[in-house]
Protein chains: 2
Amino acid sequence: MAIRPAEQLIHKAAWLYYAHGLRQDEVASQLNISRASVAMYLRKARETGIVNISTSTQLFTDDVTARRLEDTFGLDAVWIAPENAYLADPSTDIAVLAASVFLELVKKGDRIGVAWGRTVYTIADIMSYADLQDVTVVQLCGNLGAPYSYRPDQCTMEIARRLNAKGLNFYAPLVLSTEELAQGLRAEPVIRDQLAGVADCDLALYSVGAVDADSHLVKCGALSPAEMEALRSQGAAGVIAGQIIDAKGEVLDCSYNRRVISAELASLRAIEKRLMVVQEDTKFEPLLAAVAGGLCTHLVIGAHMAERLLNHAGEAGKKAS
Amino acid sequence: MAIRPAEQLIHKAAWLYYAHGLRQDEVASQLNISRASVAMYLRKARETGIVNISTSTQLFTDDVTARRLEDTFGLDAVWIAPENAYLADPSTDIAVLAASVFLELVKKGDRIGVAWGRTVYTIADIMSYADLQDVTVVQLCGNLGAPYSYRPDQCTMEIARRLNAKGLNFYAPLVLSTEELAQGLRAEPVIRDQLAGVADCDLALYSVGAVDADSHLVKCGALSPAEMEALRSQGAAGVIAGQIIDAKGEVLDCSYNRRVISAELASLRAIEKRLMVVQEDTKFEPLLAAVAGGLCTHLVIGAHMAERLLNHAGEAGKKAS
DNA sequence: CACGGCTCTCGACAAAAGTCAAATCTGCCT
DNA sequence: AGGCAGATTTGACTTTTGTCGAGAGCCGTG
């Protein structure tokens, strides 16, 4: 990690510009280079996280709805992305917000568990760079061989890259064909250590998957549409880090789950800050299951989903009384 | 702390501009206001810490000299402001650097002890705003009645204001006329609690004062030039949070110190991160004393001072062998 | 040693952001 | 209701910044 001569220059330029508030041409004359170069250096500085521009996400927690959600579901913090006005694509909105929230939650020296999925990868993709050197990003579950760009290891690596952190991948398949093999693999020292290390994380980032034919588990061939359907009728309500959970947020007792290599839910629950991000409105039930199972403490969702959650809680309350 | 309607707008504008990367005119049309207003909002957002622009101070620790200082004096981290090229005023350079380092060291929920002096106030003055809501800034020592703008309470309040944090001043004089009175005042519940709370701080910010006629203690009338001179011959080497220390960094046994209301050195040493900033080259001996006494773990100084420290250590080493 | 291929740098132009005085709005007092 | 003081907003203008293609320097290779 020796600092290249150019990096030194970028650093100096960034310092003079952002910390001292000089103009670009002043910086240029200080460093005896052209202003155009300064502009380029500054862009690089922003891209590599030498300078950090972060905007408070407080606006999105201040919302009354967010507060009520925190109260009714016992969550530590909820962020709600306004559905309507802002940008063309509402789900991008959620991802942008989630990325900011994530960066706000990360601290130096943290160990971060990352699951996989389109949502997680989208977040990684738009997340700005930061310079947290002694952070470790660990992969929460095994890999799928599919050619998707949001494979578990990709998610982990991309986030590690953005944070300038260490990425700890693990190269085991997510699902094996027999329970015995899975058990054997889980006992392998390399794998065992990685899985044991999950509980030591300070922060986790994941989404929740739906139990339907569109699930990545189906798309990647881990389960057939028919199997998925069968699991659903057995009570499957969602997918967390590759594992099927029921409506109470517990691991569903089924062959599939026993063949999976992934962090145990108990380990996940041991992580202090569990950030769950849900983009799709269709993932209402999966989300409910995850929340019921105490699988998240911090939540980023869209306004519409927020409403549905509150309504649901209201009705459940009425029924109970 | 109800959010004024305008603040909401500022927040939204900042979000769209900095997080989503829209241009100002795009933001303007989104929010149905003129672009000029957006520009103004954004300035306010930066000023109030809704957006945070911070540049890594790593450049200044990467220095070989800084590393050697860390090693030879057993410090956690050292930052060295390059003396020559950068700006007109080298001591401003140090303060700018110190402010950035300080902001980098502060974490949410921290309790911060702040002493006083021109250096500390300069830092407070140029420090950019941040939005750390549950941070407490506590004053480390009593006040002086002088009309200086860098009175202890001013320093504390200004820093608290910049961080959007709670400021805990304490209104006792720094020096009393008799030891009995000081003892009595220290026993006062309000004062006692405040002093006891110092050891709970996570971070301290102070400089070190010189023992000469230019000292603020003299300028503010706490000591006469003659008394100062007398203390010097008794072994006074520096001033920390209003107290006189000897060359070993211990409290000097003298009447003055017994009449002072300030945090005990033991409490200061109990603080995990003790950030000391020294601007003036003349404060070489005071700094040595402070370092010897373990009163700082993190150090921000100029290049010239860094050299002197290293040379001194080198010579001391030679003499010893 | 000449030749591509490569990155880095610069000048000039276009785009974006900052600024200021005038206009408008707002609440409040008479 | 009128009018005044303060803050807020705006349009027009200036300054600053981003970008692009051209050119310069640098290396390994044929």
Side-chain angles (χ1 to χ4, degrees), chain A residues 1-56 59 62 85-88 96 100 126-130 161 164, chain B residues 1-56 59 62 85-88 96 126-129 161 164:
Chain A
M1 266 290 244
I3 286 185
R4 298 205 330 279
E7 194 141 333
Q8 190 83 349
L9 253 188
I10 294 177
H11 224 136
K12 280 191 186 176
W15 181 254
L16 291 173
Y17 186 74
Y18 285 106
H20 278 279
L22 301 191
R23 271 181 283 103
Q24 292 192 356
D25 50 353
E26 294 182 290
V27 175
S29 65
Q30 281 278 345
L31 300 174
N32 282 94
I33 49 178
S34 79
R35 204 190 50 70
S37 298
V38 173
M40 196 208 43
Y41 286 160
L42 292 180
R43 183 161 40 73
K44 277 197 178 165
R46 281 185 304 257
E47 279 171 2
T48 55
I50 287 174
V51 313
N52 247 58
I53 302 185
S54 64
T55 78
S56 154
L59 174 60
D62 271 353
Y86 285 178
L87 272 185
V96 170
S100 277
I126 56 156
M127 182 157 57
S128 61
Y129 289 77
R161 199 169 69 84
N164 201 357
Chain B
M1 262 296 241
I3 287 183
R4 299 204 329 279
E7 195 143 335
Q8 189 85 347
L9 254 188
I10 294 177
H11 223 136
K12 280 191 185 177
W15 181 254
L16 290 174
Y17 186 74
Y18 286 107
H20 278 281
L22 300 192
R23 273 183 281 100
Q24 292 194 353
D25 50 355
E26 294 182 289
V27 176
S29 64
Q30 280 279 346
L31 301 174
N32 282 95
I33 50 177
S34 80
R35 203 189 49 70
S37 297
V38 173
M40 197 208 44
Y41 286 160
L42 292 180
R43 184 159 39 74
K44 278 197 176 166
R46 282 186 302 259
E47 280 170 2
T48 55
I50 287 173
V51 312
N52 244 55
I53 302 184
S54 64
T55 77
S56 155
L59 174 59
D62 270 355
Y86 285 176
L87 271 186
V96 171
I126 55 156
M127 181 158 55
S128 60
Y129 289 77
R161 199 168 70 84
N164 202 356

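In what follows, every chain begins at residue 1, and chains take the letters A, B, ... in the order their sequences are listed.
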* Asked: Can you tell me how far P of D:dT16 sits from CG of A:Leu22, to the nearest Å?
  -> 12 Å
* To do: Compare the minimum distances between each of D:dG11, D:dT19, D:dT17 and the side chain of A:Gln24, then state the nucleotide with the smallest one.
  => D:dT17
* Using heavy atoms to find the nearest nucleotide of DNA chain D for B:Asn32 and A:Ala39 separately, return the residue whose nucleotide is more 5′. => B:Asn32
* To do: Check whether any side-chain N or O of B:His11 sits under 3.5 Å from a backbone N or O of A:Thr55 as a donor-acceptor pair, and report yes or no.
  => no
* To do: State which of D:dG18, D:dT19, D:dT16 makes the closest approach to the side chain of A:Arg23.
  => D:dT16
* Passing candidate, side chain to side chain contact (heavy atoms under 4.5 Å, CB included) with B:Tyr41, options B:Val27, B:Ile33, B:Leu31 -> B:Ile33
* A:Met40 side chain, from C-beta outward: closest of D:dT17, D:dA12, C:dT9 -> C:dT9
* Asked: Going by distance alone, is a donor N or O of one side chain under 3.5 Å from an acceptor N or O of the other, for A:Tyr129 and A:Arg46?
  -> no
* Structure fact -> Picking from D:dT8, C:dT19, C:dC10, the nucleotide nearest the side-chain atoms of B:Lys44 would be D:dT8
* Counting only side-chain N and O atoms of B:Tyr41, is one of them less than 4.0 Å from OP1 or OP2 of D:dT8? -> no
* Structure fact -> Rounded to the nearest 0.5 angstrom, the CD-CG distance for A:Gln24 and A:Leu16 is 12.0 Å
* Nearest-Å distance, CD (B:Glu26) to C1' (C:dA16)? -> 11 Å
* To do: Choose from D:dT19, C:dA17, D:dG18 the nucleotide whose nearest atom is closest to any side-chain atom of A:Arg43.
  => D:dT19
* B:Arg35 near the nucleic acid: base, sugar-phosphate alone, or nothing, with a heavy-atom cut-off under 4.0 Å? -> base
* **Selected nucleotide, minimal atom distance to A:Ser34 side chain, candidates C:dG11, D:dG11, D:dT9** => C:dG11
* To do: Nearest whole angstrom, please: distance from the C1' of D:dT15 to the CG of A:Asp25.
  => 10 Å
* **Separation of D:dT19 C1' from A:Glu47 CD (nearest whole Å)** => 14 Å
* Pick base, sugar-phosphate or nothing for A:Ile33, based on heavy-atom distances below 4.0 Å to the nucleic acid. => sugar-phosphate
* Minimum heavy-atom distance A:Tyr17-A:Leu22, with the two atoms named -> CD1-O, 3.2 Å
